[in-house]
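Before any comments, here is the structure.
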Amino acid sequence: MSKDSNVQFSEREALLYHSHGRPGKIEIIASKPMSTQRDLSLAYSPGVAVPVRAIAENPDRAYDYTAKGNLVAVITNGTAILGLGNLGALASKPVMEGKSVLFKRFADVDSIDIELATEDPDAFINAVALMEPTFGGINLEDIKAPECFYIEQALKERMNIPVMHDDQHGTAIIAAAGLINAVHLTGRSMKDLKVVVNGAGAASIACTELVKALGVPNDQVIMCDSKGVIYQGRTEGMNQWKSAHATITDARSLDDAMRGADVFLGLSVAGAVTQEMVKNMADKPIIFAMANPDPEITPPDALAVRPDAIVATGRSDYPNQVNNVLGFPFIFRGALDVRATCINEEMKVAAARALADLARQQVPEEVAAAYGGKTPTFGPAYIIPAPFDPRLMEIVPAAVAKAAMDTGVARKPIMDMDEYRATLRGRMNPTTSVLTLAYEAARAHPKRVLFAEAEEEVVLRAAIAFREGGCGIPVLLGRDEVLDKLKALGIDDPEGFELQNSRRSPLVAEMTDRLYERLQRRGYTRRDCDRMVKNDRNIFGSLFLEMGHADVMITGVTRTYSQTMREVRRVLDPAPGRFPFGIHVLVGKNHTVFMADTTVNESLTAEMLADIAEQTAAVARRMGHEPRVAFLSYSTFGNPEGSWLDEIREAVSILDLRQPTFEYEGEMAPDVALNPIMQKNYPFSRLTGPANVLVMPGLQSANLSAKLLRELGGDLVIGPMLVGMEHAVQIAPMVTNASELVTLAVLAAGGIAK
């Protein structure tokens with residue numbers, strides 16, 4: 001697997017990301033209240049003595065009273081960092097922090113990184129083994145071969161918790177999933193395969209072992225290293241792990257081994273495989289070229305000589321990416337949930353088979369977005385699931401947990417697997433997957449995005465990040481000094497950015513004609529229009545967008561929302577049959593709430609309230625959520641009475657006539673809409689759970705609520721997203737940072753905010 005996502009960025013941006021604000025990528029957050037003296041007394045002394053005694057009496061209670069059961073250590077000595085080699089334990093810390101973040105992001109597993117300053121395998125083993133009381137599992141990472149084999153085996157024998165060296169087994173599990181599907185598509189069976197493995201490091205040996213566990217006979221797998229075929233009787237460059245896979249064969253080179261081979265598994269170096277070698281393989285060859293960062297042979301080169309081939313790599317810019325993130329978070333999730341004593345071969349095979357089965361299922365809408373709206377279907381170009389498929393969290397841990405139970409290594413068997421799967425779904429917020437997929441879609445289908453306030457540093461930083469992240473093509477609107485500002489921000493090629501200067505643009509004359517035709521009966525002279533085009537960035541930018549020179553426009557950080565909206569509306573119209581309004585998206589760990597209209601319409605009719613409900617529900621669905629709409633009010637079902645309820649009640653009646661395919665209810669106070677306990681007081685309510693779409697009764701309450709939540713709440717706030725316009729324009733708040741501007745641009749370019 002390639003740990004390089006193939007996204008380009010500057011060294012400056014990478015260092016800024018890791019240093020900005022709180023240095024590093026992780027922090028510790030208390031999971032219990034810590035506000036009062038009583039809280040502290042329960043958390044520490046004297047209250048902590050009670051669970052201490054309970055654990056002393058029964059060690060298994062540590063899983064009930066501490067975080068042990070959801071805590072994995074990511075441990076290395078820095079001897080094989082990414083593709084950088086042995087740079088030492090301390091240099092590996094950014095990577096290990098990153099791995100810890102991935103555990104949390106993908107599977108809600110708490111993780112802490114530990115870097116051990118020793119290259120002595122026995123010292124490393126002793127140090128890790130002594131940590132068993134602290135952790136529920138151990139993820140070994142970036143340890144060079146062959147020491148990694150010895151270390152992992154010794155720790156598995158000494159420790160009674162799951163231990164896995166992901167560099168070995170993560171790649172093997174994902175590759176095995178792809179192989180299962182490739183074998184199915186080509187009409188083969190595992191027992192008949194002739195497999196060639198190039199490379200004899202940690203991942204190669206793990207792949208070989210798992211392929212054999214899937215049913216490929218020992219004598220039908222040939223392993224090669226830099227010295228050629230590993231055959232029985234060879235002595236040069238051998239060790240016990242290579243010797244375990246030595247075969248009886250006359251082949252002595254990779255070229256010899258590839259003749260007639262059904263499968264090639266490469267974990268070696270770029271360019272190791274030639275087109276001639278591919279020509280000599282069997283019909284419908286299966287080629288997994290997984291060298292990092294560049295494959296042994298690229299898919300275009302392989303397919304040029306063998307169009308019947310199925311090809312996978314470790315890269316995200318080719319189909320069938322072998323990506324470890326599909327495996328390790330979910331494998332540990334399942335192992336932790338049954339308190340497994342180890343991760344055995346059966347659990348790895350179960351994970352591989354679950355991944356293979358997932359690739360054959362219908363792809364959900366939010367995953368299809370990453371493929372430009374074209375739903376990928378099971379076939380030669382789609383044998384491995386997308387890395388951000390939200391179903392991974394439900395399917396893979398359940399398969400791993402079941403295998404652990406079936407093989408007798410689970411200390412806490414799951415009695416109800418359906419309930420367990422539901423619990424897994426509830427652990428993760430689908431919004432996080434959709435946001436990641438939106439970025440993937442932007443990189444796959446880049447759009448032209450106009451950043452209309454390019455003199456501002458925050459806007460320039462957003463444009464730089466947008467370009468260097470491969471999200472699309474930024475177009476900067478500003479004066480010539482913008483180029484100097486780009487240089488000051490560390491850009492070596494400021495001329496590589498397209499800069500539009502409204503005072504000397506060749507588009508000014510046509511823009512002025514268009515604007516004058518639009519505004520001449522609203523009191524504007526042609527001279528007024530010429531002045532606005534040359535001097536008002538929002539006028540020029542809106543015309544630039546309307547004329548088709550950009551796909552998206554981002555503005556708003558230099559002027560109030562209402563002023564910016566007035567300027568944009570001088571040029572741009574709402575989409576036919578719609579009206580513009582704003583949606584704030586509040587993203588928490590396990591929830592997302594969509595709040596509308598928070599920006600545009602001061603007073604709302606019943607018809608407008610109903611329309612807002614339908615359109616916001618559509619945005620919620622595009623972001624992976626099943627909408628539950630609540631029309632908010634100070635009153636809940638008429639208590640207390642008031643004169644402001646008629647429009648809300650009529651909006652509900654309008655939806656009754658329209659019969660939408662989502663839940664809705666109102667009028668409701670916010671605590672009733674969001675709190676399941678409060679909802680029990682109203683058994684007739686049509687909501688089956690907490691509302692996630694809040695339709696506000698008016699702009700004053702909506703805007704106040706959104707801004708208060710942004711400043712005081714703990715959730716991530718996205719937006720406001722402007723929807724309902726004929727062209728994709730987004731107006732950011734004046735306090736928006738560069739990262740938030742990029743997110744708005746990506747959501748607009750991907751059609752989620754429309």
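Index from 1, following the sequence. All values below were derived from every heavy atom in this structure, side-chain atoms included, with hydrogens, water molecules and symmetry-related copies excluded.
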| said: I'd like to know if the side chain of Glu141 reaches the main chain of Val74, judged simply by a donor and an acceptor atom lying under 3.5 Å from each other, with no hydrogens or angles considered. | reply: no
| query | Can you tell me if Arg339 uses its side chain to pair, donor with acceptor, with the backbone of Lys412 under 3.5 Å? | reply | no
| remark: In short, Ser100 meets Ile112 closest at the heavy-atom pair OG-C, 3.6 Å
| field | Intermediate values then yes/no, salt bridge (Lys or Arg N to Asp or Glu O under 4.0 Å), Arg391 and Glu394 | value | CA-CA 5 Å; Arg391 299 171 297 174; Glu394 176 185 351; over 6 Å; no
| query | Below 4.0 angstrom, N of the basic side chain to O of the carboxylate: do Asp294 and Arg315 qualify? | reply | yes
| message | Going by side chain to side chain donor-acceptor pair (under 3.5 Å), name the residues that satisfy it together with Thr407, two or more places apart in sequence or in a different chain. | response | Asn344
| How many angstroms lie between atom CE of Met405 and atom CD1 of Ile414, to the nearest 0.5 angstrom? | 5.0 Å
| request: Quickly, which of Ile286, Thr298, Leu303 forms a side-chain contact (heavy atoms from CB on, under 4.5 Å) with Val311? Name it, please. | output: Leu303
| remark: Across all chains, not counting sequence neighbours, the side chain to side chain donor-acceptor pair (under 3.5 Å) partners of Thr743 are Tyr439
| Heavy atoms of other groups near Lys212 NZ, more than 12 under 6.0 Å | yes
| request: Examine distances only and state if a side-chain atom of Glu665 and a backbone atom of Arg686 form a donor-acceptor pair shorter than 3.5 Å. | output: yes
| message | Checking Thr313 against Gln321: is there a side-chain donor and acceptor pair closer than 3.5 Å? | response | no
| Do the side-chain N and O atoms of Asn675 and Gln679 include a donor-acceptor pair separated by under 3.5 angstrom? | no
| query | If you take all heavy atoms of Asn181 and Ile383, which pair is closest and at what distance? | reply | ND2-O, 2.9 Å
| said: How long is the straight-line distance from CG of Asp110 back to CG of Leu71, given to the nearest 0.5 Å? | reply: 6.5 Å
| query | Where the side chain of Asp308 meets the backbone of Lys284, is there a donor-acceptor pair that is under 3.5 Å apart? | reply | yes
| said: Other residues, nucleotides and ligands only: do more than 12 of their heavy atoms fall within 6.0 Å of NZ on Lys156? | reply: yes
| request: State, to 0.1 Å, how close Ala213 and Val349 come at their nearest heavy-atom pair, and which atoms those are. | output: CB-CG2, 4.2 Å
| note | Distance col, row Asn160:CG vs Thr341:OG1, nearest 0.5 angstrom, shows 5.5 Å
| query | Do Lys402's NZ or CZ and the ring of Tyr420 fall within the cation-pi criteria of under 6.0 Å and 45°? | reply | no
| Smallest separation among heavy atoms of Ala359 and Phe378, with atom names | O-CB, 3.7 Å
| Check: Ala62 main-chain N/O paired with Lys68 side-chain donor or acceptor under 3.5 Å | no
| Residues Arg427, Asp108: salt bridge by 4.0 Å N-O rule | yes
| message | I need the Tyr382 OH to Thr377 OG1 distance, nearest 0.5 Å. | response | 9.5 Å
| task | Would you give the length of the straight line joining atom CZ of Arg628 to atom CG of Leu674, rounded to the nearest 0.5 angstrom? | result | 10.5 Å
| said: For Ala706, is there any backbone N or O sitting under 3.5 Å from a side-chain donor or acceptor partner on Thr598? | reply: no
| remark: Exactly one candidate in Asp167, Asp166, Asp113 meets salt bridge (Lys or Arg N to Asp or Glu O under 4.0 Å) with Lys99; the answer is Asp166
| note | Of all heavy-atom pairs linking Val587 and Ile718, the shortest is CG2-CD1, 3.9 Å
| message | Can you confirm whether or not the ring centre of Phe106 sits under 6.0 Å from the ring centre of Phe328? | response | no
| field | Side-chain (Asn692) to main-chain (Glu626) donor-acceptor, under 3.5 angstrom | value | yes
| Going by the angle between their ring planes, with limits at 30° and 60°, are Phe594 and His625 parallel, tilted or perpendicular? | perpendicular
| field | Glu296 side chain to Ala291 backbone, donor-acceptor under 3.5 Å | value | yes
| Test salt bridge (Lys or Arg N to Asp or Glu O under 4.0 Å) applied to Asp337 and Arg333, step by step | CA-CA 6 Å; Asp337 289 341; Arg333 176 78 275 155; 2.8 Å; yes
| request: Please check if the distance between the ring centroids of Phe103 and Phe332 is under 6.0 Å. | output: yes
| field | Of Val322, Leu355, Val400, Asn324, the residue whose pairing with Ile173 passes side-chain contact (heavy atoms from CB on, under 4.5 Å) | value | Leu355
